[in-house]
Amino acid sequence: EDEQIVAEIMERRFFPDHIAYKTWEGFHFAGHEIRITEATDCYGAVVWPSALVLCYFLETHSKQCNLVDKNVIEIGAGTGLVSIVASLLGASVTATDLPELLGNLQYNILQNTKQKCKHQPCVKELSWGIDLEKNFPRSSCHFDYIMAADVVYHHPFLDELLLTFDYLCKNDTVILWAMKFRLENENRFVDRFQTLFDLEMISNFPSLNITLYKAMRKDRMKA
């Protein structure tokens, strides 16, 4: 079953027939052909399989996970594929990443969502753990969903990532997080994450070493 679903997920990706002046990959999600411009010299400007897993879930569980008119933020949006698919499914999306990635992110989102979505997504800078209250004030920012694909890997900002999850997540916010398991040090992040959030595995793909999680705050019932 794992291999069958993984094959179906990977069939959503296609490549150009001819070499163009810009490197891009194509994807079929939410009834649209999505073209993503990439930059191979940067981790954040490449589409990783975890993003495909999350997009596939959003599309195939659109009734269970109805995004129409929901406020969604994607952290570590990279090329923007997840944000684009969420937008095409009716969500009001804020796609975030580091400042050096915003140009390519904005380009991809505009190219693939303009005049196609109920809510035009916006792109915003988010450096994990930095100026959160200034850029996303608690009084005015409320997200129904936080989405993240492949944000845990060998980088020195795992503390800041956990802080960002904690800050953005309200009592009724749902986190959808696709993670590729790599090194043991990074895998420990899951244990730390579970000190703050109830974590539920909703899909697992051993052949990709990717797990898709759903999470909510532990203290939501008390609140």
List, one per line, each side-chain donor-acceptor pair under 3.5 Å for residues 208-215, sequence neighbours excluded.
{"from": "N209", "atom 1": "ND2", "to": "F181", "atom 2": "O", "distance (Å)": "2.5"}
{"from": "T211", "atom 1": "OG1", "to": "N204", "atom 2": "OD1", "distance (Å)": "2.9"}

Run W177 and F189 through ring-ring contact (aromatic ring centres under 6.0 Å, His included) and show every step you take. CA-CA 13 Å; W177 166 33; F189 181 85; 5.8 Å; yes
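- S207 pairs by the side-chain contact (heavy atoms from CB on, under 4.5 Å) definition with D2, V6, not counting sequence neighbours.
- Among residues two or more places apart in sequence or in another chain, the salt bridge (Lys or Arg N to Asp or Glu O under 4.0 Å) test is passed with D172 by none.
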For residues 155-162, which side-chain donor-acceptor pairs fall under 3.5 Å, sequence neighbours excluded?
{"from": "H155", "atom 1": "ND1", "to": "F157", "atom 2": "N", "distance (Å)": "3.0"}
{"from": "H155", "atom 1": "NE2", "to": "V151", "atom 2": "O", "distance (Å)": "2.9"}
{"from": "D159", "atom 1": "OD1", "to": "R192", "atom 2": "NH1", "distance (Å)": "3.0"}
{"from": "D159", "atom 1": "OD1", "to": "R192", "atom 2": "NH2", "distance (Å)": "2.5"}

Solution key, residues 113-121 side-chain donor-acceptor pairs under 3.5 Å, sequence neighbours excluded:
{"from": "T113", "atom 1": "OG1", "to": "I109", "atom 2": "O", "distance (Å)": "2.5"}
{"from": "T113", "atom 1": "OG1", "to": "Q120", "atom 2": "NE2", "distance (Å)": "2.9"}
{"from": "K118", "atom 1": "NZ", "to": "D69", "atom 2": "OD1", "distance (Å)": "2.9"}
{"from": "K118", "atom 1": "NZ", "to": "D69", "atom 2": "OD2", "distance (Å)": "3.1"}
{"from": "H119", "atom 1": "NE2", "to": "D69", "atom 2": "OD1", "distance (Å)": "2.8"}

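- In summary, K218 and D198 engage in a salt bridge, as defined by a charged side-chain N under 4.0 Å from a carboxylate O.
- For residues 77-97, the set of pairs meeting the ring-ring contact (aromatic ring centres under 6.0 Å, His included) definition, not counting sequence neighbours, is empty.
- Identified under the ring-ring contact (aromatic ring centres under 6.0 Å, His included) test for residues 55-101, with sequence neighbours left out: F57-H61.
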Show which side-chain atoms of residues 132-140 pair as donor or acceptor with protein atoms under 3.5 Å away, not counting sequence neighbours.
{"from": "E133", "atom 1": "OE1", "to": "R138", "atom 2": "N", "distance (Å)": "3.4"}
{"from": "E133", "atom 1": "OE1", "to": "Y167", "atom 2": "OH", "distance (Å)": "2.7"}
{"from": "N135", "atom 1": "ND2", "to": "D131", "atom 2": "O", "distance (Å)": "3.2"}

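- Partners of E125 by side-chain contact (heavy atoms from CB on, under 4.5 Å), not counting sequence neighbours, listed by chain and number: P99, L102, S127.
- The side-chain contact (heavy atoms from CB on, under 4.5 Å) search around R13 returns F15, E25, F27, V47, L52, not counting sequence neighbours.
- Here ring-ring contact (aromatic ring centres under 6.0 Å, His included) pairs that include residues 64-98, with residues two or more places apart or in two chains, number zero.
- Within the structure, the salt bridge (Lys or Arg N to Asp or Glu O under 4.0 Å) test picks out the following pairs touching residues 52-68 (sequence neighbours left out): R12-E59.
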